Amino acid sequence: MAKILCSPSKYVQGAGELKKLGEYAQKYGKKALVLITESGYKRIGDVVNTGFEGYEITPVYEYFNRECSKNEINRLVDIMNEKGCDVVIGIGGGKILDTAKAVAYYKEAPVLICPTIASTDAPCSALSVIYTDAGVFEEYLFLPANPDMVLMDTEIIAKSPVRLTVSGMGDALATYFEARACQVSGATTCAGGQVTQAAIALAKLCFDTLMAEGVKAKLALEAGACTPAVEKVIEANTLLSGIGFESGGLAGAHAIHNGFTVLDECHHMYHGEKVAFGTITQLVLENIPAEELEDIIDWCIELGLPVTLKELGITEVTDEKLMAVATAACAENDTLHNMPFVVTPETVCAAIKAADAYGKYFLGE
């Protein structure tokens, strides 16, 4: 099998870049469906409108219905047909961006991705995660191409809630460990081939950046400062993790995250927060050395990422709940089977229990 690496056609990161949106977008079409939440438009609508002034492209704004579901995608495709839009622009968080990519795919139109947060590695990928209207994971929609452009305005991202960027670090934490597992197992990645050396190198750089800059970036963001550490973490959360997960592969951490979506009490947690706990669980399955596990759990604790089931919102832990999570994580079409050994609901359930116990231990509970 061939080794494959894919990436967005263009990645731009810097303060104030959203004010140039029209300049960038006019190269892709004449009328843009701009997908944004109502609250997002109230917050940065003036910046976005300024970005279109004086350029040969007209924005058509549409508010997002909160879930990247088939019904929402179909609704937006209908609006594009009705309004005659020829390019899609997604502005916001992971689910908006995934929806914009899916709509562009079905319309065979260019797509520009403009994250306002750095909470997931979704922006750069040729992938949309499809949920039901109720927010339960349904399937991965693999797309034939990555976004035409990813535009990261760090001035806006730095003003977003700190918890969101921390959640992005939780999501990015999984990148290297899942890519490493796929490299060992020879699994097919989201890019449709085996892992390249470049993908592994980017995934490792992502991990090293998080370890070196993560806590510094969190403290800077809490102080209202966009520092070099913040810029590096935004790049790690988005570009390095985005290319790393897609061309490096997914394995245990994200499948375990998907398992936790079956529990209503976890729905208030962000994607990256659940992925962080899924990463610890994957590392328990791999039985990595104790000192390495301790370093990663301590890093999660410093950042405020969940390391126990209670922190995930599960106050009443039962074997039935954990087996439901483990069974969902082991679904035939999910990525837990990319691990370099056989996994079962029973071994995953045991790893979840052990990860919870280790988290309690290092928290001093």
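Being a predicted model, the structure only gives us computed values, none of them experimental. Along the sequence shown, residues are numbered consecutively beginning with 1.
Remark: side-chain polar atoms of Asp148 are paired, donor with acceptor, to backbone N or O of Val111 under 3.5 angstrom. No side-chain donor-acceptor contact under 3.5 Å links Glu82 to the backbone of Asp78. Remark: side-chain polar atoms of Glu273 are not paired, donor with acceptor, to backbone N or O of Pro306 under 3.5 angstrom. Looking only at distances, a side-chain donor or acceptor of His337 sits under 3.5 Å from a matching main-chain atom of Cys330. A side-chain donor-acceptor contact under 3.5 Å links Lys101 to the backbone of Leu127. Listed for the Ser125 side chain is a donor-acceptor partner under 3.5 Å among the backbone atoms of Ala122. With Asp356 contributing its side chain and Ile352 its backbone, the two residues share no donor-acceptor pair below 3.5 Å. The backbone N or O of Val343 lies less than 3.5 Å from no partner atom in the side chain of Thr347, so there is not a single donor-acceptor pair. Judged purely by atom type and a 3.5 angstrom limit, Glu178 has no side-chain atom pairing as donor or acceptor with the backbone of Asn338. A distance-only check finds a donor-acceptor pair linking the side chain of Asp86 to the backbone of Lys31 [under 3.5 Å].
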**Request:** Step by step, work out the side-chain contact (heavy atoms from CB on, under 4.5 Å) result for Ser160 and Thr116.
**Result:** CA-CA 7 Å; Ser160 68; Thr116 55; over 6 Å; no
**Item:** Residues Asp298, Phe362; criterion side-chain contact (heavy atoms from CB on, under 4.5 Å); working and verdict
**Value:** CA-CA 7 Å; Asp298 281 343; Phe362 289 113; 4.2 Å; yes
**Request:** Before giving the answer on side-chain contact (heavy atoms from CB on, under 4.5 Å), spell out for Asn146 and Cys124 the whole-Å C-alpha distance, their side-chain angles and the decisive distance to 0.1 Å.
**Result:** CA-CA 7 Å; Asn146 297 72; Cys124 293; 5.6 Å; no
**Test salt bridge (charged side-chain N to carboxylate O under 4.0 Å, His left out) applied to Glu213 and Lys216, step by step** = CA-CA 5 Å; Glu213 310 290 347; Lys216 290 193 294 180; 2.9 Å; yes
**Message:** Could you go through Glu138 and Ser69, starting from their C-alpha distance and side-chain angles, then the distance that decides it, and tell me whether this counts as side-chain contact (heavy atoms from CB on, under 4.5 Å)?
**Reply:** CA-CA 9 Å; Glu138 191 167 284; Ser69 66; over 6 Å; no
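Residue Glu291 qualifies as enclosed at atom CD: its count of foreign heavy atoms under 6.0 Å is above 12. Crowding of Glu294 atom CD: a count of heavy atoms from other residues, nucleotides or ligands under 6.0 Å exceeding 12. By the 6.0 Å contact criterion, CZ on Phe137 is enclosed, its count of non-hydrogen atoms from other residues, nucleotides or ligands being greater than 12. With a 6.0 Å radius and a threshold of 12 heavy atoms from other residues, nucleotides or ligands, Asp46 has its CG atom at or below the threshold. Taking a 6.0 Å sphere around OH of Tyr358, one finds it holds 12 or fewer heavy atoms contributed by other residues, nucleotides or ligands. Open room surrounds CD on Gln197; 12 or fewer heavy atoms of other groups in view lie less than 6.0 Å from it. The environment of OH in Tyr63 is crowded: more than 12 heavy-atom neighbours from other residues, nucleotides or ligands sit within 6.0 Å.
Under a 4.0 Å N-O distance rule, the pair Lys310/Glu365 does not qualify as a salt bridge. We find that Glu302 and Lys218 are not joined by a salt bridge, their nearest charged nitrogen and carboxylate oxygen being 4.0 Å or further apart. By the 4.0 Å N-to-carboxylate-O rule, Lys19 lies too far from Asp153 to be salt-bridged with it. Here Lys83 does not pair with Glu62 in a salt bridge; the nearest charged N to carboxylate O distance is not below 4.0 Å. A salt bridge links Glu72 with Arg75: the distance from a Lys NZ or Arg NE/NH1/NH2 to an Asp or Glu carboxylate oxygen falls below 4.0 Å.
Among all heavy-atom pairs drawn from Pro123 and Val150, the shortest one is O-CG2, 3.6 Å. Nearest heavy atoms, Ser241 versus Asp171: OG-O, 4.4 Å. Considering every non-hydrogen atom in both Phe260 and Cys266, the closest pair reads O-CB, 3.7 Å. Smallest separation of non-hydrogen atoms from Ser247 and Thr189: O-CG2, 3.5 Å. Taking both residues in full, the closest heavy atoms of Val275 and Gly170 are given as CG1-O, 3.7 Å, listed atom of the first, atom of the second, then distance. Among all heavy-atom pairs drawn from Ser128 and Leu143, the shortest one is OG-CD1, 3.9 Å.
One hydrophobic cluster, built from ILVMFWY side chains closer than 4.5 Å, holds both Trp299 and Leu221. In terms of hydrophobic clustering, with Ile, Leu, Val, Met, Phe, Trp and Tyr side chains grouped at heavy-atom distances under 4.5 Å, Leu305 and Ile288 are assigned to a common cluster. At a threshold of 4.5 Å between side-chain heavy atoms, the hydrophobic network of Ile, Leu, Val, Met, Phe, Trp and Tyr places Ile280 and Tyr270 in two separate groups. Under a hydrophobic clustering in which Ile, Leu, Val, Met, Phe, Trp and Tyr are joined whenever their side-chain heavy atoms come within less than 4.5 Å, directly or via other members, Met169 and Leu283 fall into the same cluster. When the side chains of ILVMFWY residues are joined at heavy-atom separations under 4.5 Å, either directly or via intervening members, Leu173 and Leu240 end up in a single hydrophobic cluster.
Within the 4.5 Å cutoff, the side chain of Arg43 has no heavy atoms near those of the Thr37 side chain. At least one side-chain heavy atom of Phe142 sits under 4.5 Å from a side-chain heavy atom of Cys190. The shortest side-chain heavy-atom distance between Val77 and Lys107 falls under the 4.5 Å cut-off. Counting heavy atoms from C-beta outward, Val87 and Ile57 have side chains that approach closer than 4.5 Å. Counting only heavy atoms from C-beta outward, the side chains of Ile91 and Ile44 approach each other to under 4.5 Å. Looking only at side-chain heavy atoms (C-beta outward), Tyr61 and Asn49 come within less than 4.5 Å of each other. Counting heavy atoms from C-beta on, the side chains of Glu17 and Glu155 never come closer than 4.5 Å. Side-chain contact between Glu265 and Glu316: absent, with no pair of heavy atoms (C-beta onward) separated by less than 4.5 Å.
Aromatic ring pairs are classed by plane angle as parallel below 30°, tilted from 30° to 60° and perpendicular above 60°; the pair His254 and His271 is tilted.
In summary, the side chains of Asp98 and Tyr131 do not present any donor paired with an acceptor at a separation below 3.5 Å, with no hydrogens or angles considered.
Distance check: His268 NE2 to Leu312 CG gives 8.0 Å after rounding to the nearest 0.5 Å. Remark: Cys349 SG to Asp319 CG distance equals 6.0 Å, nearest 0.5 Å. Atoms CE and CG, from Met149 and Leu21 in turn, are 8.0 Å apart once rounded to the nearest 0.5 Å. How far CG of Leu18 is from OG1 of Thr154: 11.0 Å, rounded to the nearest 0.5 Å. How far CG of Leu322 is from CG of Leu263: 8.0 Å, rounded to the nearest 0.5 Å. With rounding to the nearest 0.5 Å, the separation of CG in Leu76 from CG in Asn65 is 7.5 Å.
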